[in-house]
S.K.: 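For reference, the structure I am asking about is given below.
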Amino acid sequence: MGHPFPIREIARQAGLSEATVDRVLNRRGGVRESTAQEVHRAMADLDRQRTQVRLVGRTFMVDIVMQAPERFTTAIRAALEAELPSLHPAVLRSRFHFRETGPVGELVRILDRIVRRGSQGVILKAPDVPEVTAAVGRLEAAGIPVVTLVTDLPASARRAYVGIDDRAAGATAAYLTGQWLGERPGNILTSLSSGFFRNEEEREMGFRSAMRARHPERTLVEIAEGQGLDATQYDLVRAALERDPDIRAVYSIGGGNIATLKAFDDLGRDCAVFIAHDLDHDNTRLLRAHRLSAVLHHDLRQDVREACHTVMRAHGALPPAGPSLPSAIQVVTPYNMPPQATAV
């Protein structure tokens with residue numbers, strides 16, 4: 001099959017041998033379908049990054065490893081690829097390892113495979129569990145700098161965390177919810193995708209602390225482990241609504257907001273205030289339709305740029321810098337949506 005890239009470039013992008021790539025491209029058989037798909041994904045990634053591949057400059061191969069819903073990893077991929085030109089004259093090439101859910105062991109195997117194969121850096125969004133912390137230690141010991149993005153692994157050997165102050169974000173959500181509910185009675189549903197993500201835990205603590213201080217009369221009803229996926233989220237929300245007829249507001253920490261609203265609609269219940277995180281495609285549409293009250297957003301392009309710069313500094317390609325400040329928290333309503341969101 002015709003393609004514009006050398007086999008060695010495709011092999012490097014896919015993390016496979018040149019012989020395996022050659023077998024796939026020439027349809028010689030003897031290769032698993034999943035491996036063939038990796039080759040085709042690598043070619044698609046190279047095609048999107050083709051302007052970078054042709055530039056002259058120091059090249060950094062960075063692995064992006066994330067456990068998150070597809071809507072979020074799509075936003076991360078778009079943010080990273082939009083930032084590639086800003087990294088000139090350096091050339092950054094990226095390999096993506098995305099999964100929505102799954103056992104921790106599978107995630108650890110991905111990280112250990114990167115140790116064996118080599119990389120200039122890893123940008124990581126993963127649960128804060130001992131197995132992942134140990135894997136990060138093995139990456140750093142192999143000279144592969146790790147930057148945690150959006151959610152941190154503070155006990156690990158990672159070089160830096162890039163993202164918002166999640167406790168402040170949770171407190172902001174509590175402030176808005178309390179203001180908008182006003183004197184109306186009602187309990188508040190807090191929804192986490194998983195209790196193992198540090199950022200969600202920090203947001204929940206910030207929200208709970210601020211609500212306790214400002215509105216101690218409000219009852220918080222927590223659900224978790226929906227993984228931010230609509231299929232599992234719907235059942236959790238519906239069960240919570242059936243148990244508690246007084247739930248009137250939602251703080252969505254982990255996503256799955258289409259399913260959450262469907263559960264309210266199917267039971268004929270009103271959601272007076274709904275605070276969510278991140279202007280992904282789903283939340284952009286919901287906000288435009290006034291189904292969400294506000295979205296707490298941060299600039300993903302700025303975040304991935306800072307993560308890439310951290311990797312480059314680790315290799316001496318940029319001068320040292322002090323600790324990065326938390327990303328700014330933007331309160332986005334239907335009336336102040338940024339231009340890139342209104343175009344979705």
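Note that the coordinates shown come from a computational prediction; the quantities given were computed from them, not determined experimentally.
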S.K.: Less than 4.5 Å apart, side chain to side chain, heavy atoms only: is that true for Gln233 and Ile223?
M.R.: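 Yes, side chains in contact.
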
S.K.: Donor-acceptor pair, Arg99 side chain versus Gly102 backbone, under 3.5 Å?
M.R.: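 At least one qualifying donor-acceptor pair exists.
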
S.K.: Once you round to the nearest 0.5 Å, how far does CG of Asn199 lie from CG of Asp166?
M.R.: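 Going from CG on Asn199 over to CG on Asp166, the span is 5.0 Å.
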
S.K.: Say you draw a straight line from CG of Leu192 to CD of Gln227; how long is it, rounded to the nearest 0.5 Å?
M.R.: 11.0 Å

S.K.: Looking only at side-chain N and O atoms, does Thr35 offer a donor or acceptor that is under 3.5 Å from a partner on Glu38?
M.R.: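 Glu38 vs Thr35: no donor-acceptor pair found between side chains.
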
S.K.: Do the non-hydrogen side-chain atoms of Val136 and Leu153 ever get within less than 4.5 Å of each other?
M.R.: yes

S.K.: Ignoring hydrogens, what is the shortest heavy-atom contact between Val115 and Ala142? Give both atom names and the distance.
M.R.: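 Smallest heavy-atom distance, with atoms named: CG1-CB, 4.0 Å.
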
S.K.: Determine, using ring centers only, whether Tyr335 and His290 are less than 6.0 Å apart.
M.R.: yes

S.K.: So do the side chains of Val146 and Glu140 get within less than 4.5 Å of each other, counting heavy atoms only?
M.R.: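 Val146 reaches Glu140 side chain to side chain.
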
S.K.: Quick one: do the Ser193 and Glu200 side chains pair a donor with an acceptor below 3.5 Å?
M.R.: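 Their side chains do contain a donor-acceptor pair, which is all the 3.5 Å distance test asks for.
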
S.K.: Could you give the distance from CD1 (Ile329) to NE2 (His298), rounded to the nearest 0.5 Å?
M.R.: 9.5 Å

S.K.: So do Ile164 and Arg203 actually touch side chain to side chain, heavy atoms under 4.5 Å?
M.R.: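 Side-chain contact under 4.5 Å: yes.
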
S.K.: Is it the case that one hydrophobic cluster holds both Tyr175 and Val273, taking links as side-chain heavy atoms less than 4.5 Å apart, direct or via other members?
M.R.: yes

S.K.: Answer with yes or no whether the hydrophobic clustering places Leu176 together with Phe274; edges join I, L, V, M, F, W, Y residues whose side-chain heavy atoms lie under 4.5 Å apart.
M.R.: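 No.
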
S.K.: Can you pull the salt bridge (charged side-chain N to carboxylate O under 4.0 Å, His left out) pairs that have at least one residue in residues 316-327, sequence neighbours excluded?
M.R.: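 Sorted pair list comes back empty.
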
S.K.: Indicate the atoms forming the closest heavy-atom contact of Cys308 with Ile123, along with that distance.
M.R.: SG-CD1, 4.3 Å

S.K.: May I ask you to check whether over 12 heavy atoms, not counting those of Arg32, lie within 6.0 Å of atom CZ?
M.R.: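 No - once you tally the heavy atoms of other residues, nucleotides and ligands closer than 6.0 Å, there are 12 at most.
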
S.K.: Rounded at 0.5 Å granularity, tell me how far CG in Leu287 sits from OG in Ser293.
M.R.: 9.0 Å

S.K.: Determine yes or no for a side-chain-to-main-chain donor-acceptor pair under 3.5 angstrom, with Asp278 supplying the side chain and Asp280 the backbone.
M.R.: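 Judged by distance alone, no pair lies under 3.5 Å.
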
S.K.: Can you confirm whether Phe264 sits close enough to Ile247 that some side-chain heavy atom of one is under 4.5 Å from a side-chain heavy atom of the other?
M.R.: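 Yes; the side chains approach each other to less than 4.5 Å.
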
S.K.: Applying the 4.5 Å side-chain criterion to the ILVMFWY set and letting contacts propagate, would Ile188 and Met205 be lumped into a single cluster?
M.R.: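 As far as the 4.5 Å side-chain criterion goes, Met205 and Ile188 are not connected within one cluster.
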
S.K.: Identify the heavy atoms of Asp299 and Gln330 that sit nearest to each other, and give their distance.
M.R.: N-NE2, 4.0 Å

S.K.: Verify, without hydrogens or angle tests, whether Asn336 (side chain) and Thr333 (backbone) share a donor-acceptor contact under 3.5 angstrom.
M.R.: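 Yes.
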
S.K.: Side-chain heavy atoms nearer than 4.5 Å, only ILVMFWY residues, links allowed to pass through others: does that put Phe196 and Leu124 together?
M.R.: yes

S.K.: Would Arg41 and Phe96 count as a cation-pi pair here, with the cationic atom under 6.0 angstrom from the ring centre and within 45° of the axis?
M.R.: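 No, Arg41 does not lie over the aromatic ring of Phe96.
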
S.K.: Check whether Ser191 reaches the backbone of Ser252 with its side chain - one donor and one acceptor, N or O, closer than 3.5 Å.
M.R.: no

S.K.: Do you know the tightest heavy-atom contact between Val150 and Tyr161?
M.R.: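 Heavy atoms of Val150 and Tyr161 come nearest at O-OH, 3.2 Å.
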
S.K.: Under 3.5 Å, is there a donor-acceptor pair linking the side chains of Asn283 and Asn257?
M.R.: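 There is such a pair (donor and acceptor under 3.5 Å, judged by atom type) between the side chains of Asn283 and Asn257.
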
S.K.: Indicate yes or no for a side-chain donor-acceptor contact from Arg184 to the backbone of Trp180 under 3.5 Å, with no hydrogens or angles considered.
M.R.: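 Looks like yes, one N/O pair under 3.5 Å.
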
S.K.: If the condition is salt bridge (Lys or Arg N to Asp or Glu O under 4.0 Å), which residues does Arg212 pass it with, not counting sequence neighbours?
M.R.: none

S.K.: Checking Thr177 side chain against Ala173 main chain: does a donor-acceptor pair fall under 3.5 Å?
M.R.: yes

S.K.: Using modelled atom types and a 3.5 Å cut-off, is there a donor and acceptor pairing between side-chain atoms of Thr73 and backbone atoms of Glu70?
M.R.: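 Looks like yes, one N/O pair under 3.5 Å.
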
S.K.: Under a 4.5 Å cut-off applied to non-hydrogen side-chain atoms, are His40 and Val24 in contact?
M.R.: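 Yes; the side chains approach each other to less than 4.5 Å.
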
S.K.: After noting the C-alpha distance and the side-chain angles of Val62 and Val122, does the key distance pass the side chain to side chain contact (heavy atoms under 4.5 Å, CB included) rule?
M.R.: CA-CA 6 Å; Val62 176; Val122 171; over 6 Å; no

S.K.: Test side chain to side chain donor-acceptor pair (under 3.5 Å) on Ser86 and Glu83 and set out the steps.
M.R.: CA-CA 5 Å; Ser86 74; Glu83 280 301 306; 2.9 Å; yes

S.K.: Is there side-chain contact between Glu100 and Leu229, with heavy atoms separated by less than 4.5 Å?
M.R.: yes

S.K.: With side chains defined as the heavy atoms from C-beta onward, is the minimum distance between Val295 and His277 less than 4.5 Å?
M.R.: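 No - every pair of side-chain heavy atoms lies 4.5 Å or more apart.
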
S.K.: Is it possible for you to say whether Phe60 and Leu84 belong to one hydrophobic cluster, with membership spreading through side-chain heavy-atom contacts below 4.5 Å?
M.R.: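 Linked within one cluster.
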
S.K.: Which value, rounded to the nearest 0.5 Å, describes the distance between Ile114 atom CD1 and Asp63 atom CG?
M.R.: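 Here the interatomic distance stands at 4.0 Å.
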
S.K.: Classify the ring geometry between Tyr251 and Phe207 as parallel (under 30°), tilted (30 to 60°) or perpendicular (over 60°).
M.R.: parallel

S.K.: I need the minimum non-hydrogen distance between Ala135 and Asp112, along with the two atoms involved.
M.R.: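 Between these two residues, the closest heavy atoms are CB-OD1, 4.4 Å.
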
S.K.: Taking only Lys NZ, Arg NE, NH1 and NH2, and the carboxylate oxygens of Asp or Glu, determine whether Arg269 and Asp244 approach each other closer than 4.0 Å.
M.R.: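 So Arg269 does not pair with Asp244 through a salt bridge.
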
S.K.: How about Glu204 and Thr190: does a side-chain donor come under 3.5 Å of a side-chain acceptor?
M.R.: no

S.K.: Can you tell me if CD on Glu183 sees more than 12 non-hydrogen neighbours from other groups inside 6.0 Å?
M.R.: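 Incorrect, the count does not exceed 12.
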
S.K.: Specify the closest pair of heavy atoms between Cys271 and Val250, including all atoms of both residues, with the distance to one decimal.
M.R.: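 Smallest interatomic distance, heavy atoms only, reads SG-CG2, 3.9 Å.
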
S.K.: Pick out which of His281, Arg77, Lys125 makes a side chain to side chain contact (heavy atoms under 4.5 Å, CB included) with Phe72.
M.R.: Lys125

S.K.: Measure the OG-NE2 distance between Ser327 and His297 for me, rounded to the nearest 0.5 Å.
M.R.: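 Spacing of OG (Ser327) from NE2 (His297) equals 10.0 Å.
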
S.K.: Could you check whether any side-chain N or O of Arg23 sits under 3.5 Å from a backbone N or O of Val31, counting only pairs where one atom can act as donor and the other as acceptor?
M.R.: no

S.K.: Before giving the answer on salt bridge (Lys or Arg N to Asp or Glu O under 4.0 Å), spell out for Arg313 and Glu306 the whole-Å C-alpha distance, their side-chain angles and the decisive distance to 0.1 Å.
M.R.: CA-CA 10 Å; Arg313 288 189 195 101; Glu306 178 59 28; 3.3 Å; yes

